[in-house]
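Report on the following structure.
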Amino acid sequence: MELRIDRGAVERCRELARAIAAPVSEFIAAHSTVSVERSVLRLLGVDGVSTEDVPVPNLIVDALSPEERARGAALAFGRGLAETGLEPQGLGEALARGELSLSAFARVPDEAARRVVEAFVERSLARIRARREERAEKLARLPQLPPPLLYVIVASGNIYEDRTAAVAAAEAGAQIVAVIRSTGQSLLDFVPFGPTTEGFGGTYATQANFKIVREALDAASERLGRYVMLTNYASGLCMPEIATMAAIERLDMLLNDSMYGILFRDINMKRTFVDQHFSRMLNAYSGIVINTGEDNYLTTADAVEQAPAVLASQFINEEFAHRAGMPDRQIGLGDAYEIDPDLEDGFLFQVAQAQLARQIFPDAPLKYMPPTKHMTGDIFKGHLIDALFNLTSVMTHQTIHLCGMLTEAIHTPFLGDRALSLENARYVMNTARHFGDEIAFKPEGKIEQRARGVLADAERLLGRVAERGLMQAIEAAVFADVSRPPDGGRGYDGVFPRAAGYWNPFEEALRTTRGSCGG
Amino acid sequence: MGSLVKPYGDTVNDGKVQMSFTLPIPWSEAADEAARRLVGKMGFTDVQIVEGRPIADGFSFFVAYAATPQAIDTSTISVTSAKTHAMSMDEIDELIRERVGRKVRIAGACIGTDAHTVGIDAILNMKGYKGDYGLERYRMFETFNLGSQVSVEEFVRFAKEKKIDALLASQVVTQKGSDVKNFTALAELLEAEGLRDEIVLCCGGPRVTNLMATELGYDAGFGRGTLPSEVAAFIATRMAQKIASAR
């Protein structure tokens, strides 16, 4: 089942995406952010919170002078390590208690700081590599069921309830479990600490919470004889820090979009571009598959009209991911089944879009999101719409399949809702497993014409973005009808230019290992 | 004269209902029987467990049909709600264009010390809530989201300066009645400034009810699960009424 599409147009779209990303990359290379610096400290081994619950990495970065900060937290912190002989965690705690101050070590030479930091960098990367090898070993020994991989979310607000729900979902057939974050966590300029039992519409992403669910799913994986993956959300003001925690706790996927925070959370675009780059470098190294957020274009605007924006965003996300060293197999580009169920032939349009993405990004583990926008309290109709979504996914060979819930518009899923949803998906995908391999699209038929139209429109859209520049295009509301100014939005005060001699030892190390760390 | 009704299966007054639920026990025939008796204890008769099966270790799912002996007198029901007009975004924009003739200016904030913007963001942000667009997306609204921890004084000053038509005050935290205190302070300050009659005043939050809001002197209150379009429809309708009565 192949659509005949204009391969030349696909190539031109990729060239345009490169032209769009290139000037942004120059900006990224010349800047850092408070979150990047905090994640450097976290990677070195700094964790914990002060008596006022402020994370230690925040305390340290906030205490740096603008000049020190502009050369990177690693140097200032490294001076303290060299002078005191403390481990990173010990030094972090002493700084948090106010017993020491990094400004006291200003005269320690850069070279001494670098030497001591480099040893901790190697230790940190070895720890991440070990987590990655652990995943590879488990996947080999406990193979997953064939894709589409069934993905469900848990979101009780209480990590211990989430753990119960995650294990039950795995037993009911889920292959990927995501713990949804508390509403608004993407706007916090720090990562909460410790196990949490209260959240709004979700559960805080903390390193302790990651660990609790990871351990439970590892145990379930052994019992079930198949590896169950764990997902969380990086997009927001703390992308690199969440990428760090996820690497350490062996999450398998992270929501990580190059533009989501800008458009849908009013996070400053410069902050987002710098943060997404470093977080994706870490994701690449830790073997984490990113999930991009194109589904948001479809839920906030008309799904038929926004199809070209989805494809254009997929090209841009792919290009930014490549620039961060990610191989195609780690780039889970997003799409969603959001066309109005009352539209005649809406199903045909959905198939066209899903198949188009499959053919354009053959090696990407595409992430397919379920209907949400047109789900109502009518659970019976909702279950039926989900069945057609499931059919589209299996026939177009999507990879990551976020199971739709019959109670989508009602509440965060009950345990029973998740089981019904998984049964729906398993039934449809089993009964229609090879359907897509057995049929052909009618040449010049409605589906093929729709796919061609979307591709042509995406090329035009990318052309307009390339002409203006990405930041100006976002300001001109080219994406999702949302206008965001380059210097507006949340988190802009946390972006700063790199001074001469800036040093991020992890960026340096990850750049040299790029491509040498497959599998 | 009362009008008693019961659920309708295929015969008047058969009282038939369907339900499904999960029990935290492994499935067995005894689990089916437990489910049947549980439905009986709920007050239903003619209970049939038509489906029972395990859905995870230690959890079973059931589908039941049963009859209720209860009936309800519909003539005794009266409910006031601010969510009376189910309208789409386009219909709301059209109503404002026709009946108000200009953009309606809306400001929202989490007032007092409350830092939980989840509610006001769900209503105002472009993305909206549950697939229902936020007020920022409406063509005929000009919206200002002032965010969290906005003092009542600041909020009223802003309303005055920007000639705001509708204010949305949000409160998530309800400890020690702080929500009611803040809502009251806002209504009183607007009154003192002589602005109350010019403004459509709404409040929202998980514990807010329309009844409580009207008692506090608000035009409407929106509780848990409110969709942006419900707030939008209320504001648009109320603005249209204000314009009509001013003519």
Side-chain angles (χ1 to χ4, degrees), chain A residues 164-174 182-185 187-188 199-202 220 223-224 260 263-266 296-303 338 340 371-377 379-380 406 408-411 414-423 477 480-484 490, chain B residues 18-27 35 51-64 86 88-90 110 114-139 143 145 147-148 170 172-173 205-206 224-225 227-229:
Chain A
T164 304
V167 170
E171 284 161 354
S182 181
T183 305
Q185 187 177 350
L187 304 181
L188 299 181
F200 300 92
R223 260 196 329 276
L224 296 167
Y260 166 82
L263 298 171
F264 303 107
R265 289 292 179 212
D266 196 15
N296 290 284
Y297 294 97
L298 303 173
T299 51
T300 54
D302 182 81
E338 289 285 15
D340 187 343
T372 57
K373 185 173 158 181
H374 297 285
M375 297 294 270
T376 63
I379 56 173
F380 306 100
L406 73 167
E408 171 64 37
I410 304 171
H411 48 229
F414 287 175
L415 194 135
D417 300 339
R418 250 181 245 112
L420 290 171
S421 161
L422 286 161
E423 274 170 27
D481 296 339
V482 181
S483 165
R484 303 293 187 202
R490 298 171 170 101
Chain B
Q18 65 205 0
M19 70 183 98
S20 59
F21 54 89
T22 303
L23 290 180
I25 51 174
W27 184 82
E51 170 77 0
R53 62 174 185 267
I55 54 168
D57 277 1
F59 291 96
S60 302
F61 179 75
F62 304 93
V63 179
S88 70
M89 180 169 73
D90 291 340
C110 252
D114 199 340
H116 298 85
T117 59
V118 36
I120 194 72
D121 284 344
I123 300 301
L124 291 181
N125 277 5
M126 192 75 72
K127 178 166 174 153
Y129 179 57
K130 288 185 177 170
D132 194 86
Y133 303 133
L135 271 48
E136 280 183 2
R137 185 168 278 273
Y138 287 67
R139 289 195 186 85
T143 57
N145 187 346
S148 66
S170 174
V172 173
V173 175
R224 185 179 288 279
L227 299 176
S229 63

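Naming convention: chains lettered A, B, ... in sequence-line order (proteins, then strands); numbering from 1 in each chain. Quick note: numbers below take in every heavy atom, side chains included, and nothing from hydrogens, waters or symmetry partners.
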- [ ] Mind checking side-chain contact (heavy atoms from CB on, under 4.5 Å) for B/E51 and listing every partner two or more places apart, or none if nothing turns up?
- [x] B/R53, B/V63
Open item on the list: Quick one, A/F414 and B/T22 - any side-chain contact, counting heavy atoms below 4.5 Å?
Closed with: no
Task: Any residue meeting ring pair (Phe, Tyr, Trp, His ring centres under 6.0 Å) with B/F61, in chain and number order, not counting sequence neighbours - done: none
- [ ] Determine, step by step, whether B/I55 and A/E423 satisfy the side-chain contact (heavy atoms from CB on, under 4.5 Å) criterion, reporting the C-alpha distance in whole Å, the side-chain angles of both residues, the deciding distance to 0.1 Å, and the verdict.
- [x] CA-CA 9 Å; B/I55 54 168; A/E423 274 170 27; 4.2 Å; yes
- [ ] Counting only heavy atoms closer than 4.5 Å, note whether A/R265 contacts chain B via side chain, backbone, both or neither.
- [x] side chain
- [ ] Examine whether an atom of A/L420 lies under 4.5 Å from a heavy atom of chain B, and if so say whether it belongs to the side chain, the backbone or both; otherwise answer neither.
- [x] side chain
TODO: Could you tell me which non-hydrogen atom of A/R223 sits nearest to which non-hydrogen atom of B/D57, and how far apart they are?
DONE: NE-OD2, 4.4 Å
